[in-house]
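First comes the structure, then the notes that go with it.
By convention in this document, chain letters (A, B, ...) are assigned in the order of the sequence lines, proteins followed by strands, and residues within each chain are numbered from 1. No experiment lies behind these values; they were computed from the predicted model shown. As a basis for the values below, the full set of heavy atoms in this structure was taken, side chains included, without hydrogen atoms, waters or symmetry mates.
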There are 2 protein chains.
Amino acid sequence: MKKKTHTECLSALIPVRDTLDMIGGKWKILILISLWEGNKHFREIERSIPKLSTKVLAKELKDMEENKLITRTVVNGFPVRTEYTPTEYSKTLQKVIKELQNWGVKHRQEVFGKTK
Amino acid sequence: MKKKTHTECLSALIPVRDTLDMIGGKWKILILISLWEGNKHFREIERSIPKLSTKVLAKELKDMEENKLITRTVVNGFPVRTEYTPTEYSKTLQKVIKELQNWGVKHRQEVFGKTK
DNA sequence: TTTTTTGATTACCAAAAGGTAACTGATTAC
DNA sequence: GTAATCAGTTACCTTTTGGTAATCAAAAAA
């Protein structure tokens, strides 16, 4: 009754891979969090995420724009500011990312002392 | 009332990073799914995940054993079989991974035609 | 006028990740 | 004897990733 065919086994892999293509890697999720927290500008985002370099941020933002997770708007003005904003669609990822966060919190309690 | 300090902003990043350290990268989640589906042996796992190479699988399994996501048992016998089994602890990740899968399914509907 | 700042991009080079194929060692099938 | 299977390991080489620093453009400060 629980027997799965080879193909069925793989059926879970495809959607997971799709998701990882969108938000996989070290940075994309962290960038989304930063944007959801209200950061808008390149330097702002860069500073909010330790260890993230200029070049990698630029590349990740490009990817994410292509994937419709963010929009880029150039605001004409004195020092020319660029605004990155998370799309509505990106917000469908909040539940997933919240779960990643929750697990991380519990894991940390597991690894380092549990207070009780 | 909704204002967040810089430090609070980062507070979400740390647990997410912790989680990604455990199951980040292209393969670990897929390997877990394969194991949960019942695959136990090296070649079995390898064959169940397209594009996964021997070398990478060996490395990932090592990492995952260190991280207590799986256990490795060598079954003495004719062609020497090794069994990989997901730990109980790894199962605490099932909810997270299920969310990744759900999102991927919906995303695919979004990208390719929605049937309705 | 020269320097500095902010925002962002690009070139250059180093490090890490990853693929392929060969090989080990034991056993079973042909 | 020959070939194939299982579970890897190792060597070699390519691709990807990533860091640093230089650069561009425009404006404000000196």
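- A sub-4.0 Å separation between OP1 or OP2 of dT9(C) and a side-chain N or O of R43(A) is absent.
- For A58(B), the side-chain atoms get nearest to dT9(D) when compared with the rest of dT10(C), dT9(D), dA7(D).
- Using a 4.0 Å cut-off, no side-chain N or O of H41(A) falls inside it from OP1 or OP2 of dT6(C).
- Separating the OH atom in Y89(B) from the OG1 atom in T71(B) is a distance of 15.5 Å, to the nearest 0.5 Å.
- For the atom pair E44(B) CD and T82(B) OG1, the distance stands at 12.0 Å (nearest 0.5 Å).
- For Y84(A), no side-chain nitrogen or oxygen approaches OP1 or OP2 of dG7(C) to under 4.0 Å.
- Residues L52(B) and L30(B) share a single hydrophobic cluster, defined by chaining ILVMFWY side chains whose heavy atoms lie under 4.5 Å apart.
- In this structure, N39(B) atom CG and dC6(D) atom C1' are separated by 15 Å, rounded to whole Å.
- For the OP1/OP2 pair of dC6(D) and a distance below 4.0 Å, the side-chain nitrogens and oxygens of T82(B) include no atom meeting the criterion.
- Taking a pair to require two hydrogen-bonding distances under 3.5 Å in either a Watson-Crick or a G-U wobble arrangement, dC30(C) pairs with dG1(D).
- Atom pair F42(B):CZ and dA7(D):P shows a separation of 8 Å (rounding to whole Å applied).
- Note: CD (E46(B)) to C1' (dA21(C)) measures 13 Å, nearest angstrom.
- Across the protein-nucleic acid pair, K62(B) atom NZ and dG8(D) atom C1' stand 9 Å apart, rounded to whole Å.
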| Nucleic acid footprint by protein, nucleotides 10-22 of chain D - heavy-atom cut-off 4.0 Å, B for base, S for sugar-phosphate alone | -BB-----BBB--
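- Listed by chain and residue number, T19(A), I29(A), L32(A), L69(A), L93(A), L100(B) satisfy the side chain to side chain contact (heavy atoms under 4.5 Å, CB included) test with I23(A) (two or more places apart in sequence, or in another chain).
- Checked by atom type and distance alone, the side chain of S34(B) never pairs as donor or acceptor with a backbone atom of N39(B) at under 3.5 Å.
- Distances shown here put every side-chain N or O of R47(B) at or beyond 4.0 Å from the OP1 or OP2 atom of dA7(D).
- Distance CG (L57(B)) to C1' (dG8(D)): 10 Å, rounded to an integer number of Å.
- If you take CD1 of I70(B) and C1' of dA7(D), they are 14 Å apart, rounded to a whole angstrom.
- Atom-to-atom, CD of E44(B) to C1' of dC6(D) comes out at 11 Å; the value is rounded to the nearest Å.
- The main-chain N or O of F42(B) is never found under 3.5 Å from a side-chain atom of E46(B) such that the two would form a donor-acceptor pair.
- Atom CG in L35(A) sits 8.0 Å away from atom OG1 in T85(A) (nearest 0.5 Å).
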